[in-house]
Amino acid sequence: MKVKYLLTMILAVTIFAVTAKNLKTANDLIGTWKYTVSNVPPEYETGFMTFEQKDDKTTGYLGQQERMEMKELTVDQGKVTFKLDFQGGILTVTMTQDGEKLSGTIVSQDGEFPITATKEPAK
């Protein structure tokens with residue numbers, strides 16, 4: 001009887017661990033990501049975006065010296081969306097997280113542009 005109970009507990013813990021590993025949370029996003037945007041002028045092609053956890057809320061910004069705040073940032077089951085005020089217009093960014101990679105699009109008044117990002121190693 002004790003062996004059956006022990007095996008049941010091991011199975012339950014294993015199932016929980018595998019399930020928890022596959023769930024995407026905002027904590028998986030926290031950190032700095034190097035991004036690349038296609039089909040834009042060279043000065044906008046690459047940069048860094050950073051996600052932080054403040055008061056149980058995920059916040060973010062683009063840039064390292066001059067920070068551009070992410071507005072209306074939402075993180076839900078691996079989908080990340082936010083808006084940026086950029087040169088008098090609004091950029092809408094939608095990305096999907098797959099582990100250490102993000103991919104998606106930026107929509108502006110000038111069109112739609114692919115964006116990818118890779119998480120930087122923690123310092």
Side-chain angles (χ1 to χ4, degrees):
M1 187 68 162
K2 288 183 181 182
V3 172
K4 185 177 178 182
Y5 176 74
L6 181 60
L7 289 174
T8 303
M9 290 302 296
I10 291 172
L11 180 62
V13 169
T14 302
I15 289 171
F16 176 76
V18 169
T19 303
K21 182 181 176 196
N22 290 327
L23 291 176
K24 297 210 184 314
T25 65
N27 289 335
D28 296 334
L29 191 64
I30 302 306
T32 301
W33 298 72
K34 183 173 183 177
Y35 69 83
T36 303
V37 182
S38 301
N39 307 321
V40 295
E43 62 268 25
Y44 303 118
E45 283 181 343
T46 63
F48 293 91
M49 63 178 81
T50 303
F51 296 94
E52 298 175 340
Q53 192 73 27
K54 290 185 179 179
D55 302 324
D56 293 328
K57 183 178 178 189
T58 304
T59 61
Y61 55 87
L62 257 63
Q64 292 183 306
Q65 277 70 32
E66 293 183 32
R67 294 179 171 189
M68 191 181 320
E69 181 186 355
M70 295 176 185
K71 307 218 178 184
E72 300 177 35
L73 172 62
T74 60
V75 181
D76 186 26
Q77 297 182 348
K79 186 174 181 182
V80 180
T81 59
F82 58 90
K83 295 180 188 253
L84 298 165
D85 290 324
F86 182 74
Q87 297 181 348
I90 300 291
L91 303 178
T92 302
V93 182
T94 304
M95 297 181 293
T96 302
Q97 183 179 2
D98 184 11
E100 303 286 304
K101 298 201 180 292
L102 292 167
S103 60
T105 58
I106 299 175
V107 178
S108 75
Q109 62 271 15
D110 297 320
E112 194 170 298
F113 305 93
I115 182 171
T116 58
T118 304
K119 194 169 189 180
E120 294 284 287
K123 293 179 183 178

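Computed from a predicted structure; not experimentally measured.
At a threshold of 4.5 Å between non-hydrogen side-chain atoms, the residues M49 and I115 count as touching. Contact of the V37 side chain with the E45 side chain is not registered, since no non-hydrogen atoms from C-beta on lie closer than 4.5 Å.
Between F51 and M70 the shortest heavy-atom distance is CE2-SD, 3.5 Å. Taking each heavy atom of K119 and D28 in turn, the nearest pair found is NZ-O, 2.9 Å.
Evaluation of the side-chain hydrogen bond (donor to acceptor under 3.5 Å, both in side chains) rule for D110 yields no partner, not counting sequence neighbours. Residues passing the side-chain hydrogen bond (donor to acceptor under 3.5 Å, both in side chains) test with E43: none are found, sequence neighbours excluded. Residues satisfying the side-chain hydrogen bond (donor to acceptor under 3.5 Å, both in side chains) criterion with T96, sequence neighbours excluded, are absent altogether. With sequence neighbours left out, the side-chain contact (heavy atoms from CB on, under 4.5 Å) criterion links T118 to K101.
The hydrophobic cluster containing L62 also contains V40, counting ILVMFWY residues as joined when their side-chain heavy atoms lie under 4.5 angstrom apart, directly or transitively. Placement of M95 and Y44 within a single hydrophobic cluster is found when ILVMFWY residues are connected by side-chain heavy-atom separations under 4.5 Å, directly or transitively. By the criterion of side-chain heavy atoms lying less than 4.5 angstrom apart, applied directly or through intervening Ile, Leu, Val, Met, Phe, Trp or Tyr residues, F86 is grouped together with Y35 in one hydrophobic cluster. Under a hydrophobic clustering in which Ile, Leu, Val, Met, Phe, Trp and Tyr are joined whenever their side-chain heavy atoms come within less than 4.5 Å, directly or via other members, L84 and V107 fall into different clusters.
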inquiry  = Quick one, Q97 with W33, criterion side-chain contact (heavy atoms from CB on, under 4.5 Å). Give me CA distance, side-chain angles, the key distance, then yes/no.
reply    = CA-CA 11 Å; Q97 183 179 2; W33 298 72; 3.9 Å; yes
key: Check against side-chain contact (heavy atoms from CB on, under 4.5 Å), V80 and L73   = CA-CA 7 Å; V80 180; L73 172 62; 4.0 Å; yes
query = Should T81 and T74 be marked as a side chain to side chain donor-acceptor pair (under 3.5 Å) after you check the CA-CA gap, both sets of side-chain angles, and the distance that decides it?
reply = CA-CA 5 Å; T81 59; T74 60; 2.5 Å; yes
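Listed by first then second residue, pairs satisfying salt bridge (charged side-chain N to carboxylate O under 4.0 Å, His left out) with a partner in residues 50-66 read E52-K54, not counting sequence neighbours. Residue pairs satisfying the salt bridge (charged side-chain N to carboxylate O under 4.0 Å, His left out) criterion with at least one member in residues 82-94, sequence neighbours excluded, are listed as follows: K71-D85.
Rounding to the nearest 0.5 Å places CZ of F113 at 9.0 Å from CG of L91.
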